Protein chains: 2
Amino acid sequence: MKDYESLLKAHGLKNTFQRVSIIKAIDKAGHISIDDIYKEIVVYHPSISLATVYKNILTMKELGLVVEVPIANAKSKYELIKNDHIHFICQKCGSVEDKPITAKIQHFFEELVAHDAFKLLSTQNNLYGMCHHCHAS
Amino acid sequence: MKDYESLLKAHGLKNTFQRVSIIKAIDKAGHISIDDIYKEIVVYHPSISLATVYKNILTMKELGLVVEVPIANAKSKYELIKNDHIHFICQKCGSVEDKPITAKIQHFFEELVAHDAFKLLSTQNNLYGMCHHCHAS
DNA sequence: ATAATTGCAAATTTTTTGCAGGTTC
DNA sequence: GAACCTGCAAAAAATTTGCAATTAT
């Protein structure tokens, strides 16, 4: 991802410095909490308000630009919209990594929901444990 | 589940009316928010305090008796500990249903983490969409 | 009897809101 | 210039804490 301005425009949002900063922070981190988005931006743009981050995350979520990743025993993180995937969540350091979902699994999910007449829209698959790095230390 | 007293004892917790009520509410609902646990108990035990529910959910979570089910765009719900499974989450009515995870999926996850030297402890798989009932109406 | 647990009230933290001034298109 | 956005401060909501009284073992 690079052209954040177009991304905003495509979703009917005005192009502000604050918004570009928010998207940039999410894109850079991959997965990041609201608080951490704010902390990152405030360094180089001290006048930004936390309320602005909250408002924009809400808007971007509603427009489907950003997706909330709720995490057990932690605050939600946010990611830019992407295809369904699997999260490796380290319970020690809190890191979140994406892994591709295979067609096989996708298919399995589709079979599962079909059986129940559940209309599937998206999936979130969190694998909790310890990342390589934390496990080694 | 039926013998809530033994469940508490097994986790080293004293057997109080409040705790049994909390576990009973979770067991009955399957998945329920802290607020709703409180609302359900206060009807027949008006002196219970919301703080007690909070404190106990925290304790039970730490002891592994109860598991937090974080949900995108909603408050976390709680369930009694059980084997890993899949959640069907209706984005209209908020209902959560459990579906068994198959050996196929388990196996897929295990292969995936092995490849990354990630130490897998548990999984949470949320399928978001619309349940049969809401979809029909 | 002892240690744990509860309920209350207050404190803290998190999130939302209203609005005046500023900015984008 | 119109509609949209921002920052601030205040409000509301959610969660945690301290402590005296109560309860379980």
Side-chain angles (χ1 to χ4, degrees), chain A residues 3-26 32-63 65-66 68-78 94, chain B residues 3-26 32-63 65-66 68-78 94:
Chain A
D3 191 355
Y4 305 121
E5 284 85 356
S6 315
L7 196 59
L8 287 170
K9 191 168 299 178
H11 286 85
L13 292 177
K14 284 190 175 164
N15 180 350
T16 66
F17 182 82
Q18 292 83 343
R19 281 179 179 152
V20 172
S21 304
I22 290 169
I23 298 183
K24 201 181 289 176
I26 298 175
I32 187 169
S33 69
I34 287 186
D35 224 52
D36 287 345
I37 293 171
Y38 172 74
K39 283 189 204 144
E40 178 158 339
I41 299 173
V42 82
V43 171
Y44 60 92
H45 192 254
S47 77
I48 195 173
S49 116
L50 183 55
T52 296
V53 180
Y54 270 104
K55 283 174 191 164
N56 277 300
I57 288 291
L58 190 63
T59 306
M60 292 177 186
K61 216 164 59 169
E62 283 168 356
L63 294 175
L65 204 165
V66 151
E68 176 182 357
V69 181
I71 298 174
N73 306 311
K75 293 226 251 176
S76 286
K77 298 193 178 199
Y78 295 83
Chain B
D3 191 354
Y4 304 121
E5 285 84 356
S6 315
L7 196 58
L8 287 170
K9 191 167 299 178
H11 285 85
L13 291 178
K14 285 191 176 166
N15 180 351
T16 67
F17 182 81
Q18 292 84 342
R19 281 179 179 152
V20 172
S21 304
I22 289 169
I23 298 183
K24 202 182 287 176
I26 298 175
I32 187 170
S33 69
I34 288 187
D35 223 52
D36 287 345
I37 293 171
Y38 171 75
K39 282 190 205 146
E40 178 159 339
I41 299 173
V42 81
V43 171
Y44 60 90
H45 192 254
S47 78
I48 196 174
S49 117
L50 183 56
T52 297
V53 181
Y54 271 105
K55 283 173 192 165
N56 277 300
I57 288 292
L58 190 64
T59 306
M60 291 177 187
K61 217 163 61 170
E62 282 168 357
L63 294 174
L65 203 165
V66 152
E68 177 181 358
V69 181
I71 298 174
N73 305 311
K75 293 226 253 176
S76 286
K77 298 193 178 200
Y78 295 83

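Sequence lines set the chain letters: A, B, ... in the order given, protein chains first and strands last, and positions in each chain run from 1. Every value quoted in this text rests on a predicted model; they were computed, and no experiment measured them. Below, each value reflects all heavy atoms present in this structure, side chains not excepted, and no hydrogens, waters or symmetry copies.
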query = Who pairs with A:Lys39 by salt bridge (Lys or Arg N to Asp or Glu O under 4.0 Å), at least two apart in sequence or on another chain?
reply =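 Salt bridge (Lys or Arg N to Asp or Glu O under 4.0 Å) list for A:Lys39, sorted by chain: A:Asp35, A:Asp36.
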[X] has an atom [atom1]; how far is it from atom [atom2] of [N], in whole Å?
{"X": "B:Lys9", "N": "C:dT5", "atom1": "NZ", "atom2": "P", "result": "14 Å"}
{"X": "B:Met60", "N": "C:dA4", "atom1": "CE", "atom2": "C1'", "result": "14 Å"}
{"X": "B:Ile22", "N": "C:dT6", "atom1": "CD1", "atom2": "C1'", "result": "11 Å"}
{"X": "A:Lys77", "N": "C:dT14", "atom1": "NZ", "atom2": "P", "result": "15 Å"}
{"X": "A:Ile41", "N": "D:dT6", "atom1": "CD1", "atom2": "P", "result": "11 Å"}
{"X": "A:Ile57", "N": "C:dT16", "atom1": "CD1", "atom2": "C1'", "result": "15 Å"}
{"X": "A:Asp35", "N": "C:dT16", "atom1": "CG", "atom2": "C1'", "result": "15 Å"}
{"X": "B:Ile23", "N": "C:dT5", "atom1": "CD1", "atom2": "C1'", "result": "15 Å"}

key: Contacting residues from residues 13-21 of chain B, given that a heavy atom lies under 4.0 angstrom of DNA chain D   =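 The answer is B:Lys14, B:Asn15.
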With side chains defined as the heavy atoms from C-beta onward, is the minimum distance between [X] and [Y] less than 4.5 Å?
{"X": "B:Leu8", "Y": "B:Met60", "result": "yes"}
{"X": "B:Tyr44", "Y": "B:Ile41", "result": "yes"}
{"X": "A:Lys75", "Y": "A:Ile34", "result": "no"}
{"X": "B:Val20", "Y": "B:Glu5", "result": "yes"}
{"X": "B:Val66", "Y": "B:Asn56", "result": "no"}

request  = Look at all strands and tell whether B:Ser47 reaches a base, only sugar-phosphate, or nothing, counting heavy atoms closer than 4.0 Å.
outcome  =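 Counting heavy atoms under 4.0 Å across all strands, the contact made by B:Ser47 is with sugar-phosphate only.
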Protein N or O to nucleotides 15-17 of chain D N or O, pairs below 3.5 Å:
residue: D:dT15; atom: OP2; partner: B:Tyr54; partner atom: OH; Å: 2.2
residue: D:dT15; atom: O5'; partner: B:Tyr54; partner atom: OH; Å: 3.2

request  = Take B:Gln18 and B:Thr52 through the side-chain hydrogen bond (donor to acceptor under 3.5 Å, both in side chains) test and state the conclusion after the steps.
outcome  = CA-CA 8 Å; B:Gln18 292 84 342; B:Thr52 297; over 6 Å; no
key: Spatial distance of atom OG1 (A:Thr59) from atom OH (A:Tyr54) [nearest 0.5 Å]   = 14.5 Å
ask   = Which value, rounded to the nearest 0.5 Å, describes the distance between B:His11 atom NE2 and B:Glu62 atom CD?
value =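 These two atoms lie 12.5 Å from each other.
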query = Is there a side-chain polar atom (N or O) of B:Ser49 under 4.0 Å from OP1 or OP2 of C:dC8?
reply = no
